[in-house]
Amino acid sequence: MPELPEVEVVRAGLSPAVSGAVITAVEVFDERSLKRHSPLEGAFDALLEGRTILGAGRRGKFLWFPLGDSAGPAGAQALVTHLGMSGQVLLRTPGVEEDGLLRIRLHIEHPVQGEFWVNFVDQRIFGSMAVDRLVPTADGQPGGYFGEVLASGASAASDDSAASAALVPSQVAHIARDPLDPAFDEALFFAALGRKRTGIKRALLDQTLISGIGNIYADEALWAARLHYEHPADRLTRPRMRELLAEVRLVLGKALAEGGTSFDAQYVNVNGASGCFSHSLNAYGQQGKPCPRCGTPLVREAFMNRSSHLCPRCQRRPRAPRATPAPAPPAT
DNA sequence: TAACTAACCTGGGGGC
DNA sequence: TGCCCCCAGGTTAGTT
């Protein structure tokens with residue numbers, strides 16, 4: 001299940017390969033993988049063919065590739081990709097091998113690396129590709145994370161400032177910045193969290209509050225911060241919020257360093273290799289095993305049509321808020 | 001307006 | 001061996 005670290009691994013793998021390359025042809029094998037593409041923008045393949053890819057950006061779990069040339073009256077555009085639960089973006093040598101469940105193929109011509117394919121493979125079709133217009137960001141900061149290469153101005157596509165400009169695809173604009181984004185505003189996040197009258201895990205999964213966190217890393221961060229998933233977000237003190245955010249960053253950063261989490265073939269990098277973070281999980285999928293901290297068997301509980309993994313001793317269920325005393329009855 | 005729920009989707013695994 | 005059912009979960013439209 002691709003979350004922020006997995007998507008970032010894909011972005012980092014794609015960026016040097018596609019930046020400065022031209023899309024020469026597009027093949028769509030399953031129209032359902034275009035569910036986020038609006039026909040009002042134009043035909044998906046026609047919008048892409050002949051366009052140059054300027055770079056590879058990411059906000060949370062959304063990836064996008066700003067496009068150069070012939071933007072037309074609609075202004076700057078980008079190819080937006082979301083991996084959903086089972087999406088993969090694979091770099092392939094033409095004709096060498098076929099990927100099962102292939103939904104979309106981009107034929108790419110790079111001035112240095114020559115011709116190759118970008119295959120979008122998706123088993124459950126929760127993922128998608130779309131061409132979307134770029135709109136200005138609300139805070140005037142770059143739309144997302146474009147990596148160290150482009151940020152330092154050394155990318156092959158860095159001549160075109162459209163790649164890293166303060167623009168974001170319109171369908172990504174409502175998504176909050178992720179905690180690894182240099183422009184992530186901690187004060188804004190803490191204030192928004194303090195207004196949420198809901199459980200802390202539901203808040204962490206709310207991509208309009210903080211993006212990039214899914215079920216796996218929410219469970220891991222809550223275990224690390226010793227917080228029960230139902231702990232009311234608005235009852236967290238600032239120090240506890242800071243502690244939780246630090247654990248979120250630690251978990252995401254560690255997973256990123258290990259190439260992401262893979263349980264099966266559902267998540268792979270652009271070369272088809274799996275990540276190693278599943279060996280480092282403390283809570284997610286560890287039900288029945290002893291808590292690495294206190295030895296109490298970890299449990300799995302139903303939560304939001306999915307599951308939550310926690311230590312029943314380290315992560316105590318919050319007590320119900322004390323009832324407000326009823327006003328005294330008027331004296332008679 | 002905020003919080004919450006259900007639907008989308010399909011390969012794999014378990015039970016019979 | 002084959003069939004059926006359940007499970008996984010990110011996003012979003014619809015409901016409360």
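Quantities reported herein were computed from a predicted structural model and do not represent experimental measurements. What you see below is based on every heavy atom in this structure, not just the backbone, and it leaves out hydrogens, waters and symmetry mates. Chain letters run A, B, ... following the sequence lines, proteins first, then strands; residues in each count from 1.
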Base-paired stems in DNA chain B, each at least three Watson-Crick or G-U pairs under 3.5 Å: B:2-16 with C:2-16
Non-neighbouring partners of A/Glu31 that pass salt bridge (charged side-chain N to carboxylate O under 4.0 Å, His left out), sequence neighbours left out: none
Distance in angstrom units between A/Arg306 CZ and B/dC4 P, rounded: 14 Å
Remaining members of hydrophobic cluster (4.5 Å side-chain criterion), A/Leu298: A/Trp223
A/Phe62: ring pair (Phe, Tyr, Trp, His ring centres under 6.0 Å) partners, not counting sequence neighbours: A/His82
A/Arg240: salt bridge (charged side-chain N to carboxylate O under 4.0 Å, His left out) partners, not counting sequence neighbours: A/Glu243
Non-neighbouring partners of A/Glu115 that pass salt bridge (charged side-chain N to carboxylate O under 4.0 Å, His left out), sequence neighbours left out: none
Between protein and nucleic acid, restricted to nucleotides 12-16 of chain C and to nitrogen or oxygen atoms under 3.5 Å apart, what atom pairs and distances do you find?
| residue | atom | partner | partner atom | Å |
| --- | --- | --- | --- | --- |
| C/dT12 | OP2 | A/His174 | NE2 | 3.4 |

Test ring pair (Phe, Tyr, Trp, His ring centres under 6.0 Å) applied to A/His107 - qualifying residues, sequence neighbours left out: A/Trp117
Test salt bridge (charged side-chain N to carboxylate O under 4.0 Å, His left out) applied to A/Glu186 - qualifying residues, sequence neighbours left out: A/Arg249
All N/O contacts under 3.5 Å from nucleotides 12-15 of chain B to the protein, with atom names and distances to one decimal?
none

Strand-adjacent residues in residues 186-215 of chain A, judged by heavy atoms under 4.0 Å from DNA chain C: A/Gln207, A/Gly214, A/Asn215
Qualifying ring-ring contact (aromatic ring centres under 6.0 Å, His included) pairs with a residue from residues 13-36 of chain A, counting only residues at least two apart or across chains: none
